[in-house]
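We name chains A, B, ... by the order of the sequence lines, and we start the count at 1 in each one.
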Amino acid sequence: MRGSGREAQRVGRGARAVTPADAGRIRAAWLLGLLLPLAASPARDDRIERARNLRRQGQPAEAAALLEAALPGGATDGELVGLLGLCLLDAGELERARTLAAGPALQAGAHFRLSVFKARLLRQDEQLEQALEHYRAASQLNAEAVEAWVGQFEVAMALRKLGKALRAAEEVARRAPDVGHPLAAAVLRAQGDEYRRGAQTIELAADKYLAALAHTPDDQDLLEVVLETQILAVRLDAARSLVEERFGQLPAGTGAGTEAGTGAGPDYHFWNGRLLFAEQDVEAAAAAFRRARALQPEEPRHALWLARLELEAGRLDQARALLESCQSLGLQTAQTELLTGEVLDGLDDLQGAETHLRQAIALDASLVKAHYLLGRVLLRAGRREEGEAVLAHVEQMSQAPPVDIGDG
Amino acid sequence: MNAQSDPPRGPAPPAVGACPGRAGGRGATADRRPEAEWSRRFRLASCLLGILASSGLRAQDRSPEATDAHTGPWFEAAGPETGLVHRDLSGPTVAMGKFFLRDTVGQGIAVLDLDDDGRMDLYFAQGRDGTPEGGDCGNRLYRNLGAGRFEECGEARGAAHRGYGFGALAFDHDGDGDTDLYVTNLGPNALLSNEGGAFKDVTAAQPGLAGADDAWSVGATAGDADGDGDLDLYVANYCAQDLDALQKAGLCRQMSCEVPCGPRGLAAQADRYYVNDGSALGRLVSDDANQSGLLGVTPAYGFQPSFCDLDDDGDLDLYVTNDSLLNFLFLNDGHGRFDEQALAAGVACGRSGQTEAGMGLAIGHLDDDALPELFVTNFSTQANSLYVNETAEVGEPWWQEVGQRAGVGRPSWFQLGWGCQFADLDADGFTDLVHANGHIFPQMDACPPERVTYLQPNSLFAGTGGHGPLRDLSRQAGPGFGPPGPHRASVLVDLDDDGRQDLVFSRLDEPPLLLWNRTRNGHHWLGVLLLREPSAGRHPVLAVGARLRVEAGGRRWTRDLVAGSSFLSTEDPRLHVGLGAIDAVERLVVRLPGGPELVLEAPPIDRMLHLLVTADNALQLLPEPGR
């Protein structure tokens with residue numbers, strides 16, 4: 001202004017005249033006021049980003065400290081508060097997280113991280129239904145946030161709302177296949193397990209297990225569950241195709257544990273045996289199990305199935321010997337105990353039968369056959385009251401309604 | 001699926017009320033005119049040539065397997081020439097679409113001598129057709145004319161009862177010597193009293209006998225349960241069929257198929273028991289107070305009951321097959337009070353302890369003891385159950401389920417069984433087993449599981465002595481046994497009185513199937529029509545509940561006269577025993593319920609004997625009645 005030649009102007013009533021210097025200061029302040037918030041945002045974003053990185057690196061306490069420094073100014077910042085809450089929970093600082101939630105932060109406005117934080121806090125307090133609602137809200141705010149979908153999956157599973165869990169898992173699978181597919185498989189398997197408990201719904205169980213396998217095709221355990229259930233559902237052609245595809249003839253000379261010339265391994269022969277048995281060709285099934293056992297003598301299930309066939313044929317001593325070999329191979333399941341009990345009953349060893357049948361029930365209380373045979377053994381032993389009590393339980397089990405898992 | 005109200009798309013069912021009567025022209029005598037001599041000689045020569053030609057033809061008709069080289073029974077299917085031509089009505093046909101369970105179960109058959117002429121006649125229950133009006137046709141009664149011919153006479157004889165029929169029980173309710181009929185329905189049941197060959201509906205005179213209006217009654221059985229000399233009645237009821245509610249709910253999912261709903265999920269209906277008051281009217285009084293103990297169990301989906309002495313203690317016990325729930329075994333204390341013991345006895349379910357479908361029931365003897373075996377037909381992917389009686393002490397019944405070991409379980413795995421019988425079909429002295437098959441759901445052909453089809457062939461297992469294993473001869477029992485079909489009820493009956501028991505099957509939506517037993521192997525046999533005198537001077541009645549023992553050649557055969565068995569049916573009341581090569585019988589022993597053993601020494605064989613137990617407990621061999 002020196003040399004500008006402009007005179008000072010009055011800028012308001014009573015105000016003293018604004019000099020050019022004043023004007024300059026006013027302009028500077030105005031610019032500062034305009035630019036300062038802009039200068040503050042990158043700092044906030046940077047803080048959040050650094051906190052996220054720390055959290056990802058497994059340093060939630062450090063992340064929380066970084067974010068807390070931005071409070072109270074950031075108390076209405078939903079993303080910041082949400083992230084802080086998550087970090088506190090990750091760091092095990094439950095009380096501090098509760099304090100944060102009790103403060104004005106809860107009114108911090110909508111952000112998916114805030115919803116996830118609320119959901120997790122509610123989960124801690126076992127308020128699962130409300131937790132589920134907040135996870136769903138989080139997904140609506142940010143459909144790409146895998147954490148929210150995973151949270152939905154976990155809570156829905158806990159609530160046994162398997163339909164919702166499956167939908168959440170499928171969303172995860174879309175965004176993070178390596179994480180999501182196993183989750184989806186887990187839900188479908190759980191649904192299959194529910195259906196499998198009902199004799200009227202075994203086909204539905206087979207459908208579920210098959211769908212699970214589509215998500216995790218390399219899960220060998222699940223593959224066998226699929227085959228087992230396909231057989232129970234009498235979908236024998238489908239099961240056979242799967243056996244051929246997964247265990248089918250290997251190139252000749254593949255190595256030890258295969259049949260010379262054909263290359264078929266013990267798993268192939270075992271499942272072939274299962275299918276032949278299901279097709280009611282008992283002799284061919286026995287031959288297949290024997291082949292499997294010859295190739296893999298250390299696998300007890302081959303002996304177990306042969307034992308079952310011997311029992312059915314009335315060759316009880318042979319059945320007992322095979323079951324003993326299963327035991328020596330370390331197999332003790334409800335099925336081996338049940339079969340052993342049945343064999344001993346047939347051999348009039350009532351005490352032995354009772355022991356093994358009770359073992360079977362201890363291992364799997366849903367085995368109605370074990371209860372039934374135990375009741376009959378007790379009656380044969382002259383223990384009428386005990387036998388009738390066991391059979392009364394069998395009668396109750398027979399009244400169980402068909403399974404309906406719905407789509408909760 | 002089409003609702004019942006949809007117009008039919010398949011072949012039109014018979015017109016409502018158009019039950020066929022006698023065939024026109026039968027028995028008419030043609031005019032006769034004097035015949036020229038050349039014509040007479042030509043005619044005689046033609047007859048002789050015809051006789052010679054047909055003898056050769058008959059030998060050629062039978063394939064080599066049916067000659068002496070063939071072992072085992074041999075059956076040939078009869079055609080429409082028999083006159084057994086009505087179509088079973090069971091709701092809409094398969095082509096129209098079966099929506100309700102009631103349209104898939106099928107109808108029963110009763111064997112009875114309606115006019116006491118010595119030939120067994122046949123009575124078929126009928127359902128309703130699928131027209132929107134629900135028009136029905138009467139039950140069919142066929143009189144056996146002999147020579148393989150039958151004449152439908154239901155209307156003429158008052159037996160063409162109209163309802164949605166299921167079971168047909170033949171028994172003498174009033175002890176007058178005529179066999180009456182009790183027909184079960186979805187809706188009120190009916191008692192048709194036989195009065196000299198004509199039937200009269202006397203249900204209205206028997207309060208409560210019709211049952212509830214909404215009851216679905218199926219199998220029934222008669223027997224002297226309380227030992228007072230008359231026949232009491234037990235009726236199995238199945239499940240509620242509220243058609244409006246079912247229509248709204250739609251089809252149900254089973255085995256990945258959309259099928260008619262039930263019985264699970266539908267209300268089970270309690271069975272009924274009626275005590276005969278022994279009066280001339282034969283009033284059957286409902287045991288509402290459950291003095292018998294038969295009605296105190298939780299209602300189940302009852303199918304086929306049967307009175308029989310199951311523990312050989314001289315009184316009649318009761319076995320009931322239940323669908324999808326445990327079967328019942330009621331043991332009689334000797335005074336008409338019963339105690340349910342199926343689970344403890346080992347006959348409530350299969351060996352797995354799981355409930356099974358439990359449709360048809362056969363009671364018979366596989367071995368030489370007096371303890372009856374039981375055979376129960378079950379659903380597809382459930383083996384049929386063969387229970388061998390090993391009861392050692394009265395009061396402690398004990399059966400073992402041995403179907404797999406006996407060779408009758410595995411072959412039935414993909415089949416769905418209905419009517420069934422123990423019988424010695426080739427008279428070789430060993431008890432065989434036969435059962436009718438056909439899936440309940442027409443939808444099966446389009447659904448998984450594989451190997452389970454709607455139409456199924458029947459099964460025949462030849463006994464080999466004792467508890468098996470029996471040989472599966474289903475594909476080697478002649479052309480009658482091969483074709484698959486929608487078979488349901490089955491009855492054994494020697495329709496041509498040749499000493500070989502024939503088989504009659506009802507078939508859903510189709511005419512009945514009659515299989516002539518053409519087994520020709522020179523084996524000896526013995527038939528017994530067992531009668532008893534209710535009191536001195538009274539007309540003899542069938543000795544229902546009696547046990548017959550035949551002793552010959554070091555062996556023993558036991559037979560029981562049961563009223564109500566197989567599936568919703570009543571079998572030939574004449575007991576049949578195959579003797580194989582044994583050509584003489586040492587003794588016949590007869591025991592009525594609660595009565596002593598009565599003996600007939602050295603009876604003749606290869607014929608039907610008529611035995612009478614007199615009022616003072618003597619056993620008389622009656623002369624064979626003239627025809």
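Heavy atoms of B/Ala345 lying under 4.5 Å from chain A belong exclusively to its backbone. Heavy-atom distances place the side chain of B/Arg451, and not its backbone, under 4.5 Å from chain A. Only the side chain of B/Leu325 comes within contact range of chain A, with at least one heavy atom under 4.5 Å from a heavy atom of that chain. With a 4.5 angstrom heavy-atom cutoff, A/Ala206 does not touch chain B via any of its atoms. If you measure heavy-atom distances from B/Gln341 to chain A, the contacts under 4.5 Å come from the side chain alone. Interface remark: A/Val390 contributes no atoms to any contact with chain B (heavy atom separation under 4.5 Å). Interface remark: A/Leu373 contributes side-chain atoms only to the contact with chain B (heavy atom separation under 4.5 Å). When heavy atoms are compared at a cutoff of 4.5 Å, A/Glu388 does not approach chain B at all.
The shortest distance between side-chain heavy atoms of A/Arg376 and B/Gln400 falls below 4.5 Å. A/Gln280 has its side chain within reach of B/Phe414: a pair of non-hydrogen atoms, C-beta onward, lies under 4.5 Å apart. The shortest side-chain heavy-atom distance between A/Gln399 and B/Leu326 does not fall under the 4.5 Å cut-off. With contacts defined as side-chain heavy-atom distances shorter than 4.5 Å, the pair B/Arg410/A/Glu312 qualifies.
Atoms CG and CZ, from A/Leu204 and B/Arg253 in turn, are 5.0 Å apart once rounded to the nearest 0.5 Å. Rounded to the nearest 0.5 Å, atoms OH (A/Tyr372) and CD (B/Glu401) are 8.5 Å apart.
Across every non-hydrogen atom of A/Ser398 and B/Thr355, the tightest pair is CB-CG2, 3.4 Å. Closest heavy-atom contact between B/Ala344 and A/Leu391: CA-CD1, 3.6 Å.
Other residues, nucleotides and ligands contribute at most 12 non-hydrogen atoms within 6.0 Å of the CD atom of A/Gln327. In A/Glu245, the CD atom is crowded: over 12 heavy atoms of neighbouring residues, nucleotides or ligands sit closer than 6.0 Å.
Most heavy-atom pairs under 4.5 Å with chain B: of the set A/Leu236, A/Asp207, A/Val394, this distinction falls to A/Leu236.
The residues A/Glu342 and B/Arg351 are annotated as salt-bridged, a charged nitrogen and a carboxylate oxygen being separated by less than 4.0 angstrom.
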